[in-house]
Amino acid sequence: MVIVMKPSAPQKDIDELQKRMEDRGLTVHISQGVNYCLLGLVGETNQIDTNQLEAHEHVDRVVRVQHPFKLASRMFHPQPTVVDVGGVKVGGGHTAFMAGPCAVENEEQVMEIAHAIKDHAQILRGGTFKPRTSPYSFQGLEEEGLRLLRKAGDATGMPIVTEVMSPEDVDLVAGYTDMLQIGARNMQNFPLLRRVGRAKTPVLLKRGMSATIEDLLMSAEYIMSEGNIDVILCERGIRTFETYTRNTLDISAVPSLQELTHLPVIVDPSHACGKWTLVAPLARAAVAAGVDGLIIEVHHQPEKAMSDGAQSLKPHKYKALVQELRQISELMKSFVVS
Ligand code: PEP
Ligand code: MN
């Protein structure tokens, strides 16, 4: 971290600031230029409040050299992390296809979909605690849904992933699922992040619709700092001025995250676009961008789905898409330009 003093800063204030930083256990390197005096801080600068420093009358600005996230940073952990989700590996060259209905509606529905996709997806998804925009919309089957999703996963040999919305439900949901999903709307629900950070189950962390890449990584840091390092990041579209699609898929988030972090990165093209006709092109783009997996909504009767039918693929379309995605994935291995 570098503190840039104002040209008018009296020597007495520079000395005082240097002492304050040294008292915090940091080493301070002073560079005196013609106009500006710089204080280069070396050590645990994460605990330094840059706002407080910038409030100082003689400080011009404070520049962070390191990223504020550590455990999630590739700088501290160059090798890619491989997350094991109930026996399915994600990351470090292992690409995982996750699919299933937006919401678990009843036993017949989830069983039908699970059987239809089991040869094309490795992980079964399904919401049982649903974060709906309207309190009057279907909110999910809760524990009964967890039981049905588990049953469908076991019957088809697929691990399962489902969303948890509140800290009180973490133990209940973790008791059924192989991966806990933190939804976009909860990406900065810090008590929830800390709570799943104390669970022993991997976490699928979705990017908030107005969150920057750094915000997403800081949320991963919350989870990891509590001990749970099995975190998968998911780009699921962000809010922009565009209204034709539900959100805007930020494809650049994939290689950007891969530069910044060792954690696996997946894409959810379904919530990104909101229209089933756009899911395939976005999924192809995500694989070409180098994702570690995809999570896609599939429903055998989208016109009767209790949530997100318009963005759900029918199983035969999903199957055909996965076959194409595997071809793109294969082709990607021959590309060398970075
Ligand atoms: C979901 O995956 O069902 C979901 C609600 O996603 P998001 O949190 O990305 O909106
Ligand atoms: Mn959905």
Side-chain angles (χ1 to χ4, degrees), residues 85 96-105 109-110 113 117 121 123-135 137-142 145-146 148-149 160-166 169 173 177-189 192-193 196 202-211 213 215-216 219-220 223 231-240 245-250 253-254 257 265-276 278-279 282-283 286 291 293-314 318:
V85 183
F97 293 110
M98 313 178 192
C102 177
V104 175
E105 298 168 10
Q109 172 244 17
V110 68
I113 297 168
I117 62 173
I123 298 174
L124 177 65
R125 65 144 290 150
T128 73
F129 290 87
K130 293 302 304 172
R132 305 306 298 279
T133 303
S134 164
S137 302
F138 174 57
Q139 303 286 308
L141 297 182
E142 302 189 346
L146 291 173
L148 297 178
L149 186 67
I160 60 172
V161 53
T162 196
E163 179 161 354
V164 60
M165 295 205 312
S166 65
D169 293 331
V173 180
T177 195
D178 299 290
M179 179 154 65
L180 295 162
Q181 177 173 320
I182 300 296
R185 292 156 192 80
N186 272 320
M187 192 208 80
Q188 285 188 316
N189 179 338
L192 179 61
L193 298 178
V196 297
V203 177
L204 174 59
L205 177 63
K206 299 190 90 176
R207 180 180 181 182
M209 47 197 96
S210 303
I213 286 172
D215 292 336
L216 173 61
S219 291
I223 299 170
V231 179
I232 298 175
L233 305 171
C234 180
E235 161 60 37
R236 46 76 73 205
I238 50 175
R239 280 262 162 96
T240 66
T245 47
R246 182 173 179 179
N247 292 288
T248 298
L249 179 64
D250 179 10
V254 175
L257 283 165
V265 179
I266 71 163
V267 157
D268 172 347
S270 311
H271 290 88
C273 65
K275 290 179 165 73
W276 71 265
L278 302 183
V279 170
L282 295 192
V291 278
L294 284 166
I295 185 162
I296 294 181
E297 288 187 340
V298 176
H299 201 290
H300 64 309
Q301 293 175 315
E303 63 288 349
K304 293 191 183 155
M306 295 175 83
S307 68
D308 288 349
Q311 65 192 36
S312 299
L313 289 184
K314 288 189 177 158
Y318 178 70

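Every number for a ligand or one of its atoms is a count from 1 in the order of the listing.
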Considering only the protein, which heavy-atom contact is closest to atom 8 (O) of ligand 1, and what is its distance?
A184 N, 2.7 Å
Taking the side chain as every heavy atom from C-beta outward, state whether L193 and I182 have any pair of such atoms under 4.5 Å apart.
yes
Which of the numbered atoms in ligand 1 are under 4.0 angstrom from any heavy atom belonging to E297?
3 (O)
Tell me which N, O or S atom of D308 sits nearest to the Mn ion (ligand 2).
OD2
Could you check which of K206, M165, R246 puts a non-hydrogen atom nearest to atom 7 (P) of ligand 1?
K206
At a 4.0 Å threshold, what atoms of ligand 1 neighbour a non-hydrogen atom of G183?
8 (O)
Out of V267, V291, I266, D268, which one pairs with E235 under the side chain to side chain contact (heavy atoms under 4.5 Å, CB included) rule?
V267
Ligand 1 contacted by K130 (non-hydrogen, < 4.0 Å)
yes
Could you check N247, T248, D250 and say which one makes a side-chain hydrogen bond (donor to acceptor under 3.5 Å, both in side chains) with T240?
T248
Restricting E297 to its N/O/S atoms, the closest one to the Mn ion (ligand 2) is OE2
Using a strict 4.0 Å cut-off to heavy atoms of R185, name the atoms of ligand 1 that fall inside it.
7 (P), 8 (O), 10 (O)
How about P202 and I232: do any of their side-chain heavy atoms sit closer than 4.5 Å?
no
So L249 and C273, do their side chains get closer than 4.5 Å, heavy atoms only?
no
Please evaluate residues D308 and H299 with respect to the criterion side chain to side chain donor-acceptor pair (under 3.5 Å), reporting the C-alpha separation (whole Å), side-chain torsions for both, the decisive distance (0.1 Å), and the verdict.
CA-CA 9 Å; D308 288 349; H299 201 290; over 6 Å; no
What protein heavy atom lies closest to atom 4 (C) of ligand 1? Include the residue and the distance to one decimal.
H271 NE2, 3.4 Å
Say whether Q181 and ligand 1 are in contact under the criterion: heavy-atom distance to a ligand atom below 4.0 Å.
yes
For R125, the atoms of ligand 1 under 4.0 Å from one of its heavy atoms are 1 (C), 2 (O), 3 (O)
Any chance CZ of R239 has more than 12 other-residue heavy atoms, nucleotides or ligands included, within less than 6.0 Å?
no
I'd like the name of whichever of R132, R236, M187, R207 reaches closest to atom 9 (O) of ligand 1 through any heavy atom.
R236
Given side chains that start at C-beta, do those of E163 and V173 come closer than 4.5 Å, heavy atoms only?
no
